[in-house]
Amino acid sequence: MNFKMNRREFIKFAIGGTAVVVMSNYGCSVGESSKAITKRPNIILIMADDLGYGDVGCYGSKKIQTPNIDALARGGMKFTDYHSNCPVCSPTRAALLTGRYQQRCGIEGVVTAAKHRHTGMALEEVTFAEVLKERGYVTGIFGKWHVGYNAEFNPARQGFDEFIGYVSGNVDYHSHIDQAGFEDWWKNCEKVPEEGYCTDLITKHGIDFIERHKDEPFCLYLPHEAPHYPYQGREDPPERLSGGRKGRKAKGKEIVRAYKEMVEVMDEGIGRIVETVRRLGLERKTFIFFCSDNGATRNGSNGILSGYKGSLWEGGHRVPAVAYWPGRIKAGTITDETVLGMDLFATMASIAGAKPPAGLRLDGVDLLGMLTEDRKLPERTLFWRYRKEKAVRKGPWKLLLQRNQVKLYNLDEDLAEKKNLAKTRPAMVKKLEDELSAWEQEVSAGVKLRA
Ligand SMILES: [Ca+2]
């Protein structure tokens, strides 16, 4: 069934195992019992940008204070083996939004401001926002989009009822001008300038959204900019000025100071979001998930992991992640399950009691049983591909192909990827290479690229 083709029609949509009729284009459901409505917990998905495995207090940072993220981990579940789908922004976001490997929708690289202004994720792709909207959720995104510049690719066209933020990879935190010199601050499909420090605006709109929608099921997606460059704290001057003029750019120690502040201001905002949920008495019916979209650059920390953003070493994609849901997720849990960003789609749909449209094959798996009942995830093989690098993960084993080099690591014994076992374990190398080759063939079938 083509989901989008039927958006203006009455379609059959399975809710909680029962087929009910949903009027899809208004997101209002017909025939749901009041009991079903109480079963729709709120969802808040908060994502940092370029935050590394060693950039958060509860992941061992001594330099950066993140009391609010740490409190979520203490009161919920901390992931030691959570990964973004890609070591850079746009592909990770495409996978997160669609619940599928980003290779399937053709967003394999960064949608850059200068060269890819006309590119974006095809509207035919089904996003988690669309599935939740079908289930009667009000959906909001405040912050970074980065899977298409032109208004035709706007979040409003991909299931989000409300959008305020930017569509490029990064904006000046104060002037909101993107890397190519364009003003980039939107309200839905129109550019609407707004004064303020980017991180604080994202928090402010998030809180406002929760307050306005406290009496109905909501899904709030908060993709933060921090700590992506430009490195600017609240009181720092703009780097990008109107008319293409340049301001002063942070250097050396200023970057270190600003980076710390950027993460800490985001953490403060997360605290305010959680406080809002608590104040409104929504804590036990709100699932909160926090993660990063890829590893840190050299200005941040990936802890003991090798590599940085942009590479398939663990430091490029193993990132902090925390899930919080009092009464459902046991406080103080630490999980070593291997999880990918694309798993959140199936998880959020499951939490909401929504079923993705028939015929849509998700690559991600539902984490709900793992989160709330300590169930194991099924064994699976996971794949990454970015530029000339490829990686395969199966249990503790990781195959890493970098140009002509073949590397095999046992991450249980060697998380820093120092001891290449490719020569001593040729059978494992062969097995993972075969699985990779089958996966590459499979995902490249039917790729939809809009360019
Ligand atoms: Ca990023």
Side-chain angles (χ1 to χ4, degrees), residues 45-56 59 64 66 69 79 82-98 101-102 107-116 119-121 141-149 155 165-173 176 178-180 184 198-199 202 221-232 255 258-259 262-263 265-267 269-270 289-303 305 307-322 340-342 344 384-387 389 391:
L45 171 57
I46 306 171
M47 189 158 73
D49 196 349
D50 295 5
L51 184 76
Y53 201 64
D55 275 335
V56 176
Y59 281 82
I64 301 175
T66 54
I69 298 169
F79 293 72
Y82 173 92
H83 301 256
S84 55
N85 266 74
C86 190
V88 293
C89 307
S90 305
T92 287
R93 284 154 212 271
L96 184 81
L97 285 160
T98 62
Y101 283 111
Q102 63 274 15
I107 305 285
E108 281 220 65
V110 174
V111 183
T112 56
K115 292 184 185 161
H116 300 104
T119 311
M121 190 169 80
I141 167 176
F142 304 101
K144 167 167 165 172
W145 178 238
H146 207 193
V147 288
Y149 281 83
Y166 56 105
V167 299
S168 67
N170 63 87
V171 289
D172 185 290
Y173 281 74
H176 313 146
D178 75 15
Q179 255 174 310
D184 188 10
C198 184
T199 307
I202 292 170
Y221 174 34
L222 283 186
H224 269 286
E225 177 167 26
H228 197 295
Y229 68 76
Y231 300 107
Q232 298 169 298
I255 292 177
Y259 191 96
M262 289 156 80
V263 178
V265 170
M266 175 180 67
D267 180 78
I270 292 169
F289 195 88
F290 169 78
C291 62
S292 179
D293 75 328
N294 51 250
T297 64
R298 286 168 196 274
N299 290 312
S301 165
N302 293 317
L305 308 178
Y308 297 94
K309 172 183 181 179
S311 94
L312 289 184
W313 293 107
E314 288 293 289
H317 52 88
R318 186 186 291 234
V319 291
V322 170
L340 251 71
M342 67 180 180
L344 291 167
W384 290 260
R385 184 173 75 188
Y386 178 62
R387 291 188 168 165
E389 298 188 20

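We count ligands from 1, going down the list as the structure has it; atoms in each ligand are counted the same way. Sequential numbering from 1 along the given sequence is applied to the chain's residues.
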**Asked** When you check the side-chain N and O atoms of N294 and T92, is any donor under 3.5 Å from an acceptor?
**Response** no
**Prompt:** Using a distance-only test with no angle check, is there a side-chain donor-acceptor pair under 3.5 angstrom linking D55 and Y259?
**Reply:** yes
**Message:** Contact between P230 and E225 at the side-chain level, heavy atoms closer than 4.5 Å - yes or no?
**Reply:** yes
**Item:** Y221 side chain reached by M47 side chain, heavy atoms, under 4.5 Å
**Value:** yes
**Protein N, O or S within less than 3.0 Å of the Ca ion (ligand 1), waters excluded** = D49 OD1, D50 OD1, C89 SG, D293 OD1, D293 OD2, N294 OD1
**Message:** Taking the six-membered ring for Trp, are Y82 and F290 closer than 6.0 Å centroid to centroid?
**Reply:** no
**For S90, side chain to side chain contact (heavy atoms under 4.5 Å, CB included) partners two or more places apart** = I107, V110, V111, H146
